[in-house]
Amino acid sequence: MENQGLNSPGYEIPEEVQGSVAITSIDRIYNWGRRSSVWPMMFGLACCAIEMIATAAGRYDFSRFGMEVMRPSPRQADLMLVSGTVTKKMAPTIVRLYNQMPEPKYVVAMGACASGGGPFKEGYNVVSGVDKLIPVDVYIPGCPPTPQALINGLIKLQEKIDGQSIKSVRWYQKGDLAAIPMPILGPDLIYQEQIPAIKEASKEA
Amino acid sequence: MTTLDFSTRFPEGVVADEREGYEGYIIAADKLVEFATTLRDEYGYDYLSSVTGVDYIAEETFEVVYHAYKTIGGAELVFKVQVARDKAEVPSLTDVYPGADFQEREAWDLLGIKFTGHPDLRRILLWEGFNGHPLRKDWQEAYYEADIKPFKSRWPKPEYARAEARNPYGANVKYPEKFDPEKWVPEGEDALYGSLAKYETTDDDGLKTDHLTVNLGPQHPSTHGVFRIAAKLDGETILNLKPVMGYLHRNHEKIGERNTYLQNMPFTDRLDYLSSMSNNFGYALAVEKLIGIEVPERAEYIRVIMAELTRIQNHLFAIGMFLNDIGAFFTPSLYAIEERELVLDIFEMVSGSRMMCNYFRFGGLARDLPAGSLQKIKDLVFDRLPRKTDEMDRFLSENEILRSRCVGQGLLSAEDAIKYSAAGPVLRASGVPYDIRRAAPYSIYDRFDFNVALRYNGDIYDRYIIRLDEIRESIKILQQAVEQIPEGEIQTGKPRYQMKVPAGESYGRVEGPKGELGFYLVSDGKGNPYRYHVRAPSFINLTAFGPMCKGLKIADVVAVLGSIDIVLGETDR
């Protein structure tokens, strides 16, 4: 089924070479390769990580989607599964891990906490969602999402990858991608882009 | 509760706590160390379970509350120290009970109570430089809305506005007045690495050698989450090691003091997220003790069944992950998770959720067992689980590599285990037969015939094998419980959203899979707890982690950590 999609560019292929010749577009074959071998980073934050492990294990087995190779090092990973509550103390580390990942890279916010703070949103040490720090591709609701929900989210990610084009994705534009500035642990978490605003506020006080 | 007469031994400085609903003794701060030493050496209270602080803002005092036990069994002894809020200094008990180490640091971090004489009083859950001490009653976070829930903005008519919209920065942040971010110098890690002390050795030829500092985590595959270790090495040998936590500090206690009593139940699920049913159990016991409510017979049985199933699946997971740590990458885990899924099926059947069960209620349970679930449990405990436990035992326990990595490594003697307030399998693998189900039976555990699993060597191997022993004992309890379970009610009175909780304090504890899980509650008679503290076994077991690792090779650290079996949700709360 996959190959049919890959192998139907709209050109007629002579019958005698159909078994050995395929014509496709660069985008298609590239995306097909990417989406079929998304390697997640072995990175667990909280409760959701346990469901992530359960999804990797025998019963749900996300290696069916080409995702069984969990890499502990961000340098070898394509996908950051943010599985759990993002705390302020952890925030600089998460941004650093994201910056260390090579492009193309994707982020899935798994569960309520990673999507928006979840039940712990009001906490003084909790960041209201990982999208306050890094760009997110897919959000998966649930507390924690069941393995089925996680797999559904990963399929959505694959659909998103299928729809991308080398011409327009941000990591193939001219120039280097700027690294995301790491937040600083001050009296509270300091987002670097907010420094002028904080300075302004302190003058008024 | 225990009543002792201290009047001859301590004519002054020790008085009984006579506030309504309170118990124990109030000790003068200058007598505290002497009192604790006497308690340990003469009265036999050798195990300090919990240390925490309470901010009585109306009385302008901080109270530090200690819960001590005898390891031969029996009820707790509570003693307290009261100090003025503006001069919050209490002598440290780390010399008498080294297990107080991390707990005193936590009280310093979150409440700002200074423990004089503490060897390493740094922040433990937050970072150095954080503004204020968040559990103080006059400290407000960025998203502060009101003191208690349910918030007026959502109840009775919903007028919901996003918390971000109310905050000038659109994020969960708040800075002190006149704070200049450009002049801020991060405190960094100097205090942490400084606390490891400088070592320098001279070898036989007079060559001086500096030592190496190694950092592991918070992102590391064998730390079971976001846990960090800083170690000082001589070659590969560990000279000193400090755990660093707080990367998953989710402000459980601050949120808990704002919630109503019942609202806290789903939050306890997320403490030790592998064993939500036991967490529910401990919290329900603490609140029931305050209200003085009885639990119907059938509900008691279902509670025990759920708690023991939790223990089994937790230990399975712990063994699987421990084998991962020592290099048997994922194959044993897959075997363990296969069985765990079957237990989770039962949880999903009874509560609707695989992991976050939220199943217990004060005076009973949320709902009865659905049709067919009891039969499923019976199939598991009479047939599948005993068989599969034996299978794991056969595959793993005599494995050459496992034995050579684990036997005789990471030793913790019985005296040290008690000294460092270790709990659960860690304590019992060192030869201390202390199990709360036996030592101070709660619920209906006194009706079942089971042994307290015990191993004597206190090494990594014993901490592994004792988990298999405990699975077998749990199966034994389950086999009795599913046979004896009667028909009947599952809830005393009508299920209610809001409970009337009289003023007072209570400490409810259960033998969770990881050890003694305690909930310390202070009620002021209102709808939400005035103080809500969790005695987290994962957190306190880590006190012994540094001493256990000293002298080992750096590669064994992950094996020792895996054998303690921590869950970061509970360690950091």
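Predicted model, so just to flag it, every value in this text is computed and none were measured. Throughout, protein chains are lettered first and strands after them, A, B, ... in sequence-line order, and every chain is numbered starting at 1. Hydrogens, waters and symmetry mates play no part in the numbers below; they use all other heavy atoms, side chains included.
- With a 4.5 Å cut-off on side-chain heavy atoms, A:Gln194 and B:Pro181 do not count as touching.
- By the 6.0 Å contact criterion, CZ on B:Arg166 is enclosed, its count of non-hydrogen atoms from other residues, nucleotides or ligands being greater than 12.
- Checked by atom type and distance alone, the side chain of B:Trp127 never pairs as donor or acceptor with a backbone atom of A:Lys88 at under 3.5 Å.
- With A:Tyr124 as reference, B:Leu126 is the one residue of B:Asn172, B:Val173, B:Leu126 to meet the side-chain contact (heavy atoms from CB on, under 4.5 Å) rule.
- Proximity to chain A (any heavy atom under 4.5 Å) is shown, for B:Arg228, by neither the backbone nor the side chain.
- In this structure, chain A has a heavy atom under 4.5 Å from the side chain of B:Phe330, while its backbone stays farther away.
- Judged purely by distance below 3.5 Å, without hydrogens or angles, the side chains of B:Tyr143 and A:Ser128 pair a donor atom with an acceptor atom.
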Check your understanding: Stepwise, does the side-chain contact (heavy atoms from CB on, under 4.5 Å) test hold for B:Leu342 with A:Arg59?
Key -> CA-CA 10 Å; B:Leu342 299 174; A:Arg59 191 191 266 189; 4.1 Å; yes

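- The environment of CZ in B:Arg384 is crowded: more than 12 heavy-atom neighbours from other residues, nucleotides or ligands sit within 6.0 Å.
- The contact between A:Lys199 and chain B is made by backbone and side chain atoms together, counting heavy-atom distances below 4.5 Å.
- Put simply, NE2 on B:His249 and OG1 on A:Thr87 are 9.0 Å apart, with the number rounded to the nearest 0.5 Å.
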Check your understanding: Given A:Ile198 and B:Tyr169, is the side-chain contact (heavy atoms from CB on, under 4.5 Å) satisfied, shown in steps?
Key -> CA-CA 8 Å; A:Ile198 301 167; B:Tyr169 303 106; 3.7 Å; yes

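- Atom SG of A:Cys113 sits about 6.0 Å away from atom CZ of B:Arg250, to the nearest 0.5 Å.
- If you measure heavy-atom distances from B:Met321 to chain A, the contacts under 4.5 Å come from the side chain alone.
- For the atom pair CD1 (A:Ile184) and CH2 (B:Trp184), the distance works out to 10.0 Å, reported to the nearest 0.5 Å.
- Taking CD1 from A:Ile94 and CD from B:Gln219, the interatomic distance works out to 9.5 Å, rounded to the nearest 0.5 Å.
- Only the side chain of B:Arg354 comes within contact range of chain A, with heavy atoms under 4.5 Å apart.
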**Study point:** side-chain contact (heavy atoms from CB on, under 4.5 Å) between A:Asp188 and B:Asn131, intermediate numbers included
**Key:** CA-CA 7 Å; A:Asp188 205 328; B:Asn131 178 38; over 6 Å; no

Check your understanding: Given the rule in the side-chain contact (heavy atoms from CB on, under 4.5 Å) test, do B:Phe317 and A:Ile50 qualify, once you have shown the distances and angles that lead to the verdict?
Key -> CA-CA 10 Å; B:Phe317 204 80; A:Ile50 306 297; 4.0 Å; yes

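- Only the side chain of A:Met41 comes within contact range of chain B, with at least one heavy atom under 4.5 Å from a heavy atom of that chain.
- A distance of 6.5 Å separates CG of A:Leu189 from OH of B:Tyr175, quoted to the nearest 0.5 Å.
- Residue A:Leu97 touches chain B through its side chain alone, counting heavy-atom pairs closer than 4.5 Å.
- Residue A:Thr85 touches chain B through both its backbone and its side chain, counting heavy-atom pairs closer than 4.5 Å.
- Neither the backbone nor the side chain of B:Tyr335 comes within less than 4.5 Å of any heavy atom of chain A.
- Chosen from A:Pro119, A:Gly44, A:Ser83, A:Gly58, the residue pairing most often with chain B at heavy-atom distances under 4.5 Å is A:Pro119.
- With a 4.5 angstrom heavy-atom cutoff, B:Leu334 touches chain A only via side-chain atoms.
- Within a 6.0 Å sphere centred on CG of B:Asp138, other residues, nucleotides and ligands contribute more than 12 heavy atoms.
- Classified by interplanar angle (parallel below 30°, tilted 30° to 60°, perpendicular above 60°), the ring pair A:Phe120/B:His252 is tilted.
- Between chain A and the residues B:Pro134, B:Gly569, B:Gly225, the most heavy-atom pairs under 4.5 angstrom are made by B:Pro134.
- Taking chain B as the reference chain and counting heavy-atom pairs below 4.5 Å, the highest number among A:Met90, A:Lys132, A:Met42 is found for A:Met90.
- Contact annotation for A:Ala57: both backbone and side-chain heavy atoms come within less than 4.5 Å of a heavy atom of chain B.
- In this structure, no portion of B:Glu338 lies under 4.5 Å from any heavy atom of chain A.
- Contact tally against chain B (heavy-atom pairs below 4.5 Å) for A:Ala56, A:Pro144, A:Ala49, A:Ser73: the top residue is A:Pro144.
- A:Thr146 contributes atom OG1, which lies 12.0 Å from atom CG of B:Leu344 (distance to the nearest 0.5 angstrom).
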Practice item. Take A:Glu122 and B:Lys254, measure what salt bridge (charged side-chain N to carboxylate O under 4.0 Å, His left out) needs, and give me the verdict at the end. Key: CA-CA 10 Å; A:Glu122 66 193 280; B:Lys254 185 83 175 175; over 6 Å; no

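- Side-chain contact between A:Pro187 and B:Phe179 is present, with heavy atoms from C-beta onward closer than 4.5 Å.
- Per-residue counts of heavy-atom pairs under 4.5 Å with chain B were compared for A:Ile195, A:Ile190, A:Thr93, A:Leu185; the largest is that of A:Leu185.
- Across B:Phe267, B:Tyr247, B:Tyr144, the residue that shares the most heavy-atom pairs under 4.5 angstrom with chain A is B:Tyr247.
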